[in-house]
Amino acid sequence: MKAAIVSVDTLIYQKLKEDDCAPIVKRMLGQVSFRTELIQPVPNDKEVIRKVLARIADAEIADLVLTIGGIGCRDEDWTPEATKSILDKEIPGMAEAMRLYMERTRKRAMLTRGVAGIRNHTLIVNLPGSPKIIKECLEYILPEIVYATEVVLGEHDDIKE
């Protein structure tokens, strides 16, 4: 399966800050056999994010797109809105599960607004922008991301318990 990682951070986009999260995500996806492509980082701009995500899904560049960052409550955080605007189907349980898992150790996780869903045959999941938190989230939800990607690709007929 093919995966794309899109870091949403204006400072990373402007090369004023290192991207500490994308290498972690790429390594973890490699452990579950995804061929992963790092997409050029994008600024915290709703329209840019929307266009990049739609292009990846519509051109079938990836079966899975993981966005990193832009899911908080700051003025510049637009990843969830951009993602929702292009989805055919939302999968609220994935984002809810990540929030609940993170809330065990950090109460402020309730302020994250990430979403997950499907466009065409591509699963799109918003992840937080902290290296430690992203690693914890992926360790928890990665098996479901793999399964959901397979479902979207038509490799399973139903959801297992």
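Hydrophobic clustering places V32 together with L127 (ILVMFWY residues linked when any side-chain heavy atoms are closer than 4.5 Å, directly or through intermediates). Clustering ILVMFWY residues whenever any of their side-chain heavy atoms sit less than 4.5 angstrom apart, transitively, puts I5 in the very cluster that holds V146. In terms of hydrophobic clustering, with Ile, Leu, Val, Met, Phe, Trp and Tyr side chains grouped at heavy-atom distances under 4.5 Å, V8 and I56 are assigned to a common cluster. Criterion: ILVMFWY side-chain heavy atoms under 4.5 Å apart, direct or through other members. Under it, L38 and V52 are not part of a common hydrophobic cluster. Following chains of ILVMFWY side-chain contacts shorter than 4.5 Å, one cannot reach I71 starting from L53, and the two form parts of different hydrophobic clusters.
With hydrogens and angles disregarded, no donor-acceptor distance shorter than 3.5 Å links the side chain of N126 to the backbone of T67. Looking only at distances, a side-chain donor or acceptor of R119 sits under 3.5 Å from a matching main-chain atom of I86. A distance-only check finds no donor-acceptor pair linking the side chain of T36 to the backbone of A3 [under 3.5 Å]. Put simply, the side chain of K2 gets close to the backbone of E60: a donor and an acceptor are under 3.5 Å apart.
Identified under the side chain to side chain donor-acceptor pair (under 3.5 Å) test for residues 84-94, with sequence neighbours left out: none.
To the nearest 0.5 Å, the span separating CZ on R99 from CG on L111 amounts to 10.5 Å. L66 CG to I134 CD1: the interatomic distance, rounded to the nearest 0.5 Å, is 8.0 Å. Rounding to the nearest 0.5 Å gives a distance of 12.0 Å between CG of D58 and NE2 of H121. To the nearest 0.5 Å, the span separating CG on N44 from CG on D77 amounts to 6.0 Å. The distance from the CE atom of M1 to the CG atom of D63 is 7.0 Å, given to the nearest 0.5 Å. Rounded to the nearest 0.5 angstrom, M102 CE and T112 OG1 are separated by 4.0 Å.
Under the 4.5 Å side-chain criterion, counting only non-hydrogen atoms from C-beta, Y13 is not in contact with V48.
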- Passes side chain to side chain contact (heavy atoms under 4.5 Å, CB included), K17 versus D9? Steps please. CA-CA 9 Å; K17 177 175 130 179; D9 187 307; 2.9 Å; yes

- Message: The test is side chain to side chain contact (heavy atoms under 4.5 Å, CB included); show your working for M98 and E144 and say whether it passes.
- Response: CA-CA 11 Å; M98 281 192 289; E144 279 56 59; over 6 Å; no

- Task: Quick one: do D19 and S7 satisfy side-chain hydrogen bond (donor to acceptor under 3.5 Å, both in side chains)? Show the steps, please.
- Result: CA-CA 8 Å; D19 188 344; S7 293; 2.5 Å; yes

- Task: Test I145 against L142 for side chain to side chain contact (heavy atoms under 4.5 Å, CB included), laying out the working first.
- Result: CA-CA 5 Å; I145 287 175; L142 196 52; 4.3 Å; yes

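Across all non-hydrogen atoms, the minimal contact from I49 to P43 is CG1-O, 3.8 Å. Listed here is the closest heavy atom pair of G114 and A95: O-CB, 3.1 Å. Nearest heavy-atom pair across P131 and I24 is CB-CD1, 3.6 Å. Considering all non-hydrogen atoms of both residues, C21 and S130 come closest at SG-C, 3.6 Å. Of all heavy-atom pairs between V115 and P80, the closest is CG2-O, 4.0 Å. In this structure, P128 and I68 approach most closely via the heavy-atom pair O-CG2, 3.5 Å.
Of the residues listed (K46, R113, R50), the one engaging E81 in a side chain to side chain donor-acceptor pair (under 3.5 Å) is R113, and it is the only one. Test L64, V65, L153 against L123 for side-chain contact (heavy atoms from CB on, under 4.5 Å) and you get one pass: L64.
No more than 12 heavy-atom neighbours from other residues, nucleotides or ligands sit within 6.0 angstrom of CD on E18. Remark: Y101 OH is packed, more than 12 non-hydrogen atoms of other residues, nucleotides or ligands lying under 6.0 Å away.
Taking the charged nitrogens against the carboxylate oxygens, E136 and K132 do have a contact shorter than 4.0 Å, which makes a salt bridge.
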